[in-house]
Each structure stands twice: as C-alpha cells, then as structure tokens.
Undergrad: 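First, the structure itself, so that you have it in front of you.
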Amino acid sequence: MPQIEKNDAQVFDPQRYNPAEIEPRWQALWDADPKLYAAEPHTSGKPKFYCLEMLPYPSGQLHMGHVRNYAIGDALARFMRMRGYNVLHPMGWDAFGLPAENAALKNHTPPREWTLKNIEQMKVQMRRIGLSYDWAGTEIATCLPEYYRWNQWFFLKMVEAGLAYRRSSKVNWCPKCATVLANEQVVGGCCWRHEDTLVEQRELEQWFLRITKYADELLDGLDKLPGWPEKVRTMQRNWIGRSEGTHVDFHVSAMADTPAIKVFTTRVDTIFGATSIQLAPEHPLTKQLAAADPDLAKAVTEMIAEQKAARETGDIGNIEKHGVSTGKNAINPFNGETLPIWVANYILADYGTGAIMSVPAHDERDFEFAQKYGLHIKRVVAPVISPKDAAGADTDDLSLPYTGEDDAVLVDSGEWTGEGALEAQDKMARFAEENGFGKKTTTYRLKDWGVSRQRYWGTPIPMVYCINGHDGVKPGGVVALPESALPVLLPEQIEITQEGGSPLGKVSAFVHTTCPVCGGPARRETDTMDTFVDSSWYFYRYTDARNAHAPFDSEKANYWFPIDQYIGGVEHAILHLIYSRFWTKVMRDLGLIANSEPAERLFTQGMVIKDGAKMSKSKGNVVSPDDMIARYGADATRMYALFAAPPDRDLEWQEEGVAGISRFLARVYRLTIKYAPVVRSLESHTHGDEIAPKQFAGQTEDGAALLRTLHQTIAKITEDFSGRWHFNTCIAAIMILVNEISAAETAMDTGGIAPATIAELFRALTLLLTPFAPFLAAELWQQLGETAAVFHQPWPMADAELARESEIEVPVQVNGKLITVIRLAADSDEAAISAASLADAKVVARLVGKTIVKHLVIKGKLVNLVVR
RNA sequence: GCGGGAGUGGUGAAAUGGCAGACACGCAGGUCUUAGAAGCCUGUGCCCGAAAGGCGUAGGGGUUCAAGUCCCCUCUCCCGCACCA
C-alpha cells in the first residue's frame, strides 16, 4: 500500500511528463475555439491545400487503422498550415448503411439514434487524439436530410441526363444483407461485407447509373494521375477491362427463324482456324435448344449447378473444362465452313456475348477443350522467323497453341494468307462490317452501377410510380419528382424486421402519395440508394457544408479542387475510388465544377498488424486506441503509429514501442522544462524566421555542433514532408537531435552553450514536434514563454550555412574493402584527400609489396585504392 | 496462371550504386535505492579468438573500382485479379 502512494506522488511530480494531465487541458481549450482549424475563405488569395482522409463509418469505435490514417493526414495538415498554406482539413461520417439496421434489430434502438450516438462517441475519441479538423465548418453526416437531399438532387439530374435508368436484370443478391449488391461489392463470389456469404443471382427491376458511358474516360484518365499509386491504377484498369475486338455473326444451319449467334473475339484474324462455336450454359440459344432436347437440358442444368458449387468452395476457375454438342451447326461467314455448336462450361454468360468461336490452334482454353473432345485443330497463324535466326528459333513458337500476334503472319486463311496478324485484324473486321455480318467493337468488364438497395437506412430514391398512368406514362409507370419535392424524407418511426422486401414498402404513409404530374394516386419507390452514392461526392460538400440551396457553391469547389492529398486504405481502390471519379465527371458535365478528377494525389497507407495478422475482432488481436491513450497519451500513440514503419507499409503494433515513444517524449519534456527559464529570460521572443543567430561568431564548438544537427534535422523533415513521407526517419532524426541535446546538458549547465543557442534549440525542437505530438508541443511552447498558438507559427527554416559540417569523414577502401576512416577539413580538395589517404598507417600497411593500379577519390563519398 | 509489393540482427526498421544494421524495442552488465519500479551509463549482426581476423542483406550467377541497391535465373511470403474469348 505505501508503495502505491509513493508512485502516485511521482505521477504528480511537475518535472515529470504527464500526458493525462497535459492533453485534456489543451483539448478543452481547443474544443472551445471552433475557428481554431477553420480554413480561410476561398477569396483569401492564399495558396490552398486540401488535405483529406477517407471519412469513417460511425461504428462507434475508432480502431488503430483509423488512428494511423488520421495521424498521417493530421501531420501533413499541420505541417502545411505552418508552411503558410490555407488548409482545408475536414471530417464527416459515412452514416448510412446496414449495421444501423442490424443494431436496431438487436437492441431495438432506432437506426438514427444509434448512428448519432456512435458519431458522438467517435468524435470524442477523435478530439482526444488532437486531430486538427474544422468540425464546425465542415462536419457532415450523410444520414441527415441536409446531406442526402443532394443525393436525391443528383439522382434527378442523372435521370434527366439519361445517366440513371431502371431496368430488369440479373443482379447480385446477398442473402445476409437481404439486398442487391453492385458488381464492385462482390469479392470472389461473396459479399464484400460477409466474406463467407455466397452472392446469389436474381432477376430484379433496379436503378442503374450509367458509369459505362465514362468507361473510356475513366480508363484513359488513369494515365494522367501520376500522383496515384500504380497499384490502384492497375486495379482500376483491370476492373474497367477494356478490350478491343470484333463482333461476328454466325448463322445457324437449318434454323432459319433463329437469330445468328453473335460472337465476340479479339482475334478475328484467327477466324479461319475456328472449328466450333461454344455457347455459355445461360445463352438464349442454349435455352431454346435445351427446351427441345431433354439430354441437353440435363447437361446444361448440371453445368450451372456445378458452377454454383465451385463458387462455394472457392475454386471456380479450376473446374475442368467440359461441354456437350448440341447437334446443330453454324456457318463461318468468312469461308462458309460448317462448325458444330457446343455448350461449354468455360464460357461466361456475362462477358462479351456469351458465345465464342473456338480456335484451338491459337487459344489455350480452346486448345485444352478441343484436345479433350478430339475437335479439329487448324493452324492459321505462324510466327515470322527471319532466315538469320531460323536456326535459333524457339521451338515453342512452332508448337500449338500459338497465341502470338506480333511478328506473326496468317497461313491457310484464303485471301488473307500472308497478311501480318495485326493488320489482318483490322482488315478482316472491316470486311465483316462491309458485308454486314460483323462490326468492330469494344467491350468492357465494367458494368453499369446498380444503386438500388432493398434496405431502410439509406437515401430514398426520389421517384414515384403513377398508378393510373397519364399522358406518356403507362399505368404503374415511373415519374421523377420535381426538385421542389426534395428532400424525400426517410420516415423515422419504423419497425425493422428480418422479413424480406424493402422495409419502406411497409410504411404506408411513405408509400402512398400522389403523382406530381397528374395528381392521381402514386406509389413511391421503396428501395434506397447504395451508400457508395453518399461517399462519391462528400468531399465537394465539405467546401460549402452549410449550403441550404445547393450541394455546394461552384466557386468554392473550384478554389479547393482538386484535392491535393487524399489518404486512405487501398481496400477502396475499385469501389469508392472509381465511383467518385465517375461522379466528378458527371458533375463536370452538369457544369458544377471545372475539374475532371477529384484528387491530384492519393496515398494508400498500410494495414495495422498485430502478431503477424491484420487486427480484427475475430482474431482477437485488437488493440484499442482508448487503452493506448489512457496508458501513454494521445501524442505517444499517434507518434508511434508514424514511427514504427513508413506509412505505406504494414505496421506491426508493439506496445513496448509505444512505451518507448512515451519515454522519448518524457525526455523532451524534462529537458525543455529544465531550460525553459533560460529561454524565457531572453528579451527577444522570436517568431520562426528570427530564430537563427546567423553566425558562428562567439559560438562554442559544442554550440555549433548542436546548431548543425538542428538545421540538418529541419532540412531533413522539411524535405520529407514534400516527398518521401518517411515520417519514421523524421522522428528518428528528432530523436538524434534530442540525444545530442541531452548529451550536452553539462555544457549547457556550465555556460558552454550560449543562451541564444539554447533558446533556438528548444524553440525549433518544439516546432518540429508539432505535426507529430501537438499536445506536448502546445504545452512546451507555452512553457517557453510564448503566448501565440504553436500551430500558427511559421515552420522553421533550415539554414544551409549552419547545417554545413566543418569536418568530413572519408572512408578509405583498398580493393573495395574498408580499411579506415580519416577525418579532414570539410573544404579539403581531391589532392589533399588523396594525400591523406595514402599517409594513413593502416593503409600503408596494406600497400606493402603492392602496386596501386587505380586511385579513386570520390568527393564527398570515399577513397578506393585498387592494388595488385 | 497473370499483375503488384516484399524478403536485411532476437524484434520494428535505416541506408541519392560509396562505411550495412541509423533510430527504437528487447536483452545483458553497471549506477542510484533498504528493496523494487522509473531514470541514467555501457554493451549488443554472426563466428573464432586474448587480439588480429573471418563471414554476413532469401539462394545462385552477372555488370562495376565499389551492389541490400542495377541486370538475369531460382525460391518463399503478402495483396489484387483470376476460364474476360
């Protein structure tokens, strides 16, 4: 017991760093000043910097991934402010979504109440971390009508522009979410939210956004985004999946009423090698033929069942290829050959046309299939082998399947024989087009974005169905609401049940309305919008978050956009990040903004790992930010998140490391408090650029050395912020500086360091810490006798003169092997370095009996003597 | 299979082609203390040794005066895509 009291006494030792006391004290001051981190108006004329982190879903609990993401963004925002930029650093809440409904089911809490409570909780956590957001000016919650009414407004604009439409189609259905998912939200055949829940296919009437209209621009624009990680750009390229090829029609023999089979191929030049037609099991012709052929019907049913089963076990793609002949034939329009029609399990119904021409000689899959069934394999393309390298030609090129097209020529292809493969692709496509049985085509993997969700907690879609119909609208036809009818409010009193169907459909007061055109009875659309709609444009709202008349003011958006730096997780590479690029292009075409891309630079930070695995509840390796803050303080927690690894790499969370940072901050605190009286006693309270005494006059050796390290540190950190972002080495550099100051304590105590130098050291050190440890920096800045907020101080300037070394160390190698390191005056020329290296005793010993072949003096690096 | 990233001490990690392992964690010894904790000091890649030395960046080859870094081949791990015609 007595020991505990003794420990308590230490906690309240004023000499001792105590974040639990310092941090809440400053936080209370900051919270009381809503303008503290507000950006200046767009008319300020200052250079702007829009620093954005991805907005969180308000789960109610901040996790370490958030802390890391926001620590990176906050360090940058604070640095840019100190560099004199007008910084917009906003935050908000991605507040619609299924978890609120699940919580309602479980706890009988209304989704709105649950969500708003979570927001409050998380905001408390975020404020506790000291993140410099302009809450008062920018905070948004997407579940509030002030926000989602603009989702509805955009939806109406898109309907008007033909970019939103309703159609029936096969859609992805997650049985756990009990709603439809967009293609982007299906991961490996499963739901992105429920990774072990298989997505089913259902035929439903749904609203779609015509993102495919922008497919080319979305793809080509990636080349103009050098500030985005190559990985993200590649993922988007693959997702869009543009493929240029040709449609060719194959007529079915002896079935005059059946439409021709349309085939998509990127290799029309190989068409003389086609030896069969392969249909997907779901192809319309397959269905037609199966209807009259029980054996075929059975085979097709089995194929579909097999695919479903394979998707469940996860090895779709490894299924063995197999197929069944339909007994029907098609005609190759290029040469009149008769080709058997098959149905095969490796033909995808939803890519291209769901039918292919099979060219076994020049396609690996077709080859495998043809071998299995003994189908004819006919070579029609051969590599060009110049006589010169004929001897060395790779025999692989002569074997089949041969899929090359560069330096390849057509053989056995009628009038095209001898053409280069690439030229033939062009000419043969044109030939097909001229003769009316084909057309050059581009296909995309990207499909239109299905945005209807059969859920309650989302934005109501502002459309109604006119029950009786009127001029131009048939009974039950869809009618857009006028803008004046917005917002369509989400009803609040609603019972959430687990029954299927859109929950809004059960709220009769919501459903029953009148048609805005004819005034007759109408039924509201009861689906809500995908929550990715909310996050597709939220960052524009931040620039004018309180605007009640428009989503935002164009002038303000045009000042702030594009986002200078966007920071978030890579998991949104083909969800949020492709939707928001699409939305930006739509808004541009609506005349709302001038930019075509939302963000100039994108940074994707690494994951937070614990014991070698991603932190997750299911693995039980979650470290709570609240615990860390309670034990070590917010400064130590966020600083560790930046110190433990460079921001783009995965970060292993080790609590000992946080303790280490905490000890480091305690050392900084103790030293600064100790010398604060010296600093305060000086007349000139300096502000940023006045800091450096610009000369060494009267400076001691020790003092000069400290200033040298200081200015090298300033230079390093300043440079890193604008380039590499290796905050781990920035913090290491600050540690080196502090270690040196600490080692000079005796000198400082005995007058060996000028008071002005001491003042410069501690002021600059405090400023350097500000982006990483804002609470401690604020405290120390005050202790140093300053009254202005440390965040508004100019960032210290590195003085190259002060940073320059007076002496240099030159490693000397003999035959590339390090022998010794010699010290020389910094201004030594090559001759002096050379002479000194040869004079060194260790080097001389190595040279005995040898001849110097080469004497390399690399200025500023080393000396290497090559001897024999 | 294809695309991207990575592989360096006991651990997290540093190194514009130029002294490998900065900085930190951990560990060991010391100091202070009645004792412990905290703090402070010293040491800490591996091997042998008293020392001098030798070996070291997944493995193998190459370019270079000089390679963790550039080139070629192989292996392992992580992430993404995956029958896309």
Side-chain angles (χ1 to χ4, degrees), chain A residues 3 6-7 10 13 16 187-189 229-235 237-239 241-243 245-246 263-267 270 278 280 307 315-321 344-348 350-359 362-366 368-369 403 443-445 570-571 573-574 606-607 609 612 614 640 643-646 648-661 663-664 666-667 670 724 726 728-736 738-739 742 745 809-821 853-856 858 860-867:
Chain A
Q3 287 94 328
K6 208 171 171 185
N7 279 341
Q10 283 180 346
D13 181 348
R16 195 186 158 97
V187 179
E230 192 52 52
K231 182 189 166 98
V232 172
R233 292 193 283 166
T234 304
M235 283 167 78
R237 269 187 208 108
N238 292 342
W239 185 258
R242 179 162 71 192
S243 174
T246 311
V263 146
F264 176 72
T265 177
T266 54
R267 292 296 303 272
T270 65
Q278 304 288 343
Q307 282 180 347
D315 52 17
I316 185 123
N318 296 331
I319 315 181
E320 204 191 321
K321 291 177 182 44
N345 67 340
Y346 71 99
I347 309 303
L348 304 174
D350 54 3
Y351 182 78
T353 58
I356 63 151
M357 62 178 201
S358 174
V359 185
H362 306 293
D363 181 283
E364 284 171 18
R365 296 151 302 180
D366 295 344
E368 189 188 329
F369 190 86
T403 55
T443 60
Y444 301 88
R445 215 181 90 114
V570 76
E571 65 272 16
I574 49 170
M607 288 187 301
I609 302 284
K614 184 182 175 170
Y640 174 75
F643 177 68
D648 54 331
R649 268 214 247 171
D650 287 351
L651 179 152
E652 170 80 28
W653 195 271
Q654 291 179 327
E655 190 167 338
E656 296 84 357
V658 191
I661 294 287
R663 283 200 291 275
F664 166 72
R667 213 155 67 242
R670 186 189 68 77
R724 301 195 319 161
H726 279 196
N728 54 333
T729 57
C730 290
I731 293 168
I734 298 175
M735 287 173 170
I736 292 170
V738 171
N739 289 347
S742 181
E745 253 191 285
E809 291 189 335
V810 183
V812 183
Q813 299 179 333
V814 173
N815 286 345
K817 203 174 160 78
L818 181 73
I819 301 306
T820 189
V821 178
V853 184
K854 218 179 226 180
H855 191 167
L856 288 137
I858 319 294
K861 303 278 188 192
L862 49 45
V863 174
N864 191 9
L865 298 155
V866 185
V867 303

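In this text the structure is predicted, and so the values were computed from the model without any measurement. Proteins come first, then strands; the chains are lettered A, B, ... in the order of their sequence lines, and each starts at number 1.
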Undergrad: Using a 4.0 Å heavy-atom cut-off, does A/Arg242 contact any base of the nucleic acid, only the sugar-phosphate backbone, or nothing at all?
TA: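 Since no nucleic acid heavy atom lies under 4.0 Å of A/Arg242, the category is nothing.
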Undergrad: So is A/Lys321 actually on top of A/Phe369's ring, under 6.0 Å and inside 45° of the axis?
TA: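 So A/Lys321 doesn't make the cation-pi contact.
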Undergrad: Check whether any side-chain N or O of A/Arg233 sits under 4.0 Å from OP1 or OP2 of B/G4, and answer yes or no.
TA: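 For A/Arg233, the contact criterion (side-chain N or O under 4.0 Å from OP1 or OP2 of B/G4) is not met.
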Undergrad: Suppose we define a pair by two distances each less than 3.5 Å, Watson-Crick or G-U wobble; what does B/G7 pair with here?
TA: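 Here B/G7 is engaged in a pair, and the nucleotide opposite it is B/C75.
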Undergrad: Within this structure, what is the OH-CD distance for the pair A/Tyr346 and A/Glu368, rounded to the nearest 0.5 Å?
TA: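 So the gap between those two atoms works out to 8.5 Å.
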Undergrad: Would you classify A/Asn728 as touching base, sugar-phosphate or nothing, given that sugar-phosphate means primed atoms plus P, OP1 and OP2, and contacts are heavy atoms under 4.0 Å?
TA: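 A/Asn728: backbone/sugar contact only, no base atoms under 4.0 Å.
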Undergrad: Could A/Arg663 and A/Glu656 be called an ion pair, given the rule that one side-chain N must be under 4.0 Å from one carboxylate O?
TA: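 Salt bridge flag = no for A/Glu656 with A/Arg663.
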Undergrad: Going by a 90° cut-off around 0, is B/G9 syn or anti?
TA: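 Nucleotide B/G9 adopts syn.
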Undergrad: Just checking A/Glu745: does its CD atom have more than 12 heavy atoms from other residues, nucleotides or ligands closer to it than 6.0 angstrom?
TA: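 Correct, the count exceeds 12.
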Undergrad: Between A/Leu651 and A/Met235, name the one whose nearest nucleotide on RNA chain B is closer to the 5' end.
TA: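 Closest to the 5' end, via its nearest nucleotide, is A/Leu651.
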Undergrad: For B/C40, does either OP1 or OP2 sit under 4.0 Å from a side-chain N or O belonging to A/Arg663?
TA: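 So the side-chain polar atoms of A/Arg663 never come under 4.0 Å of the phosphate oxygens OP1 or OP2 of B/C40.
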Undergrad: State the pairing partner of B/C27; accept Watson-Crick or G-U wobble contacts with both distances under 3.5 Å, and report none otherwise.
TA: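 Pairing partner: B/G43.
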Undergrad: Closer than 3.5 angstrom, by distance alone: can the side chain of A/Asp650 be matched with the main-chain N or O of A/Met607 as a donor-acceptor pair?
TA: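 Flag set: sc A/Asp650 to bb A/Met607 pair under 3.5 Å.
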Undergrad: When you measure from the side-chain N and O atoms of A/Arg649 to the phosphate of B/A14, is any distance below 4.0 Å, counting only OP1 and OP2?
TA: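 Affirmative; the distance criterion is met.
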Undergrad: Does the structure show a Watson-Crick or G-U wobble partner for B/A51, both distances under 3.5 Å? Name it, or say none.
TA: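 Here B/A51 is not engaged in any pair, so there is no nucleotide opposite it.
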Undergrad: For A/Asp350, answer base if it contacts any base atom (sugar-phosphate contacts may also be present), sugar-phosphate if it contacts only those atoms, and nothing otherwise; contact means non-hydrogen atoms under 4.0 Å.
TA: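 If one applies the 4.0 Å heavy-atom cut-off, A/Asp350 turns out to touch nothing in the nucleic acid.
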Undergrad: Quick one: look up who B/U69 pairs with, Watson-Crick or G-U, both distances under 3.5 Å, and put none if it's unpaired.
TA: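 Partner of B/U69: none.
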Undergrad: Using a 4.0 Å heavy-atom cut-off across all strands, classify A/Gly660 as base, sugar-phosphate, or nothing.
TA: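 It contacts sugar-phosphate atoms only.
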Undergrad: For A/Phe643, report the nucleic acid contact type (base, sugar-phosphate, nothing); a contact means any heavy atom under 4.0 Å.
TA: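 Touches a base.
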Undergrad: Quick one: list whatever passes ring pair (Phe, Tyr, Trp, His ring centres under 6.0 Å) with A/Phe664, sequence neighbours left out.
TA: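 In terms of ring pair (Phe, Tyr, Trp, His ring centres under 6.0 Å), with neighbours along the sequence ignored, A/Phe664 is linked to no residue.
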Undergrad: side-chain contact (heavy atoms from CB on, under 4.5 Å), that's the test. Do A/Asp366 and A/Ile356 meet it? Break it down for me.
TA: CA-CA 10 Å; A/Asp366 295 344; A/Ile356 63 151; 3.5 Å; yes
Undergrad: Are A/Ser358 and B/A85 close enough that a side-chain N or O sits under 4.0 Å from OP1 or OP2?
TA: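 Checking A/Ser358 against B/A85: no side-chain N or O falls below 4.0 Å of OP1 or OP2.
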Undergrad: Please compare A/Lys817 and A/Phe664 by the position of their nearest nucleotide in RNA chain B and report the one closer to 5'.
TA: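 By nearest-heavy-atom nucleotide position, the 5'-most residue is A/Phe664.
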Undergrad: Return the pairing partner of B/G1 with a 3.5 Å limit on both distances, Watson-Crick or G-U wobble; otherwise return none.
TA: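 Paired with B/C81.
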Undergrad: With sequence neighbours left out, what residues match A/Trp239 under ring pair (Phe, Tyr, Trp, His ring centres under 6.0 Å)?
TA: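 Checked A/Trp239 against ring pair (Phe, Tyr, Trp, His ring centres under 6.0 Å); zero matches.
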Undergrad: Base, sugar-phosphate, or nothing: which does A/Pro229 touch, judged by heavy atoms less than 4.0 Å apart?
TA: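 It contacts nothing in the nucleic acid.
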Undergrad: Using Watson-Crick or G-U wobble geometry with both distances under 3.5 Å, which nucleotide pairs with B/A38?
TA: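 Across any shown strand, B/A38 pairs with none.
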Undergrad: Do A/Asn864 side-chain atoms and A/Leu856 backbone N/O form a donor-acceptor pair below 3.5 Å?
TA: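 No; zero donor-acceptor contacts below 3.5 Å.
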Undergrad: How would you label the contact of A/Glu809 with the nucleic acid (heavy atoms, under 4.0 Å): base, sugar-phosphate, or nothing?
TA: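 Contact class for A/Glu809: base.
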Undergrad: With a 4.0 Å cutoff (strictly under), does any side-chain N or O of A/Arg724 reach OP1 or OP2 of B/A15?
TA: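 Result: yes.
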Undergrad: Any idea which of B/C83, B/A24, B/G12 is nearest the A/Asn345 side chain?
TA: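 My answer, after comparing the listed nucleotides, is B/C83.
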Undergrad: Does A/Asn739 place a side-chain N or O at less than 4.0 Å from the phosphate oxygens OP1/OP2 of B/A24?
TA: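 Yes, A/Asn739 has a side-chain N/O under 4.0 Å of OP1/OP2 on B/A24.
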Undergrad: For A/Ile661, report the nucleic acid contact type (base, sugar-phosphate, nothing); a contact means any heavy atom under 4.0 Å.
TA: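 It contacts nothing in the nucleic acid.
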Undergrad: Which pairs, protein N/O on one side and nucleotides 64-68 of chain B N/O on the other, fall under 3.5 Å?
TA:
from: B/C65; atom 1: O2'; to: A/Asn864; atom 2: ND2; distance (Å): 3.3
from: B/C65; atom 1: O2; to: A/Asn864; atom 2: ND2; distance (Å): 2.7

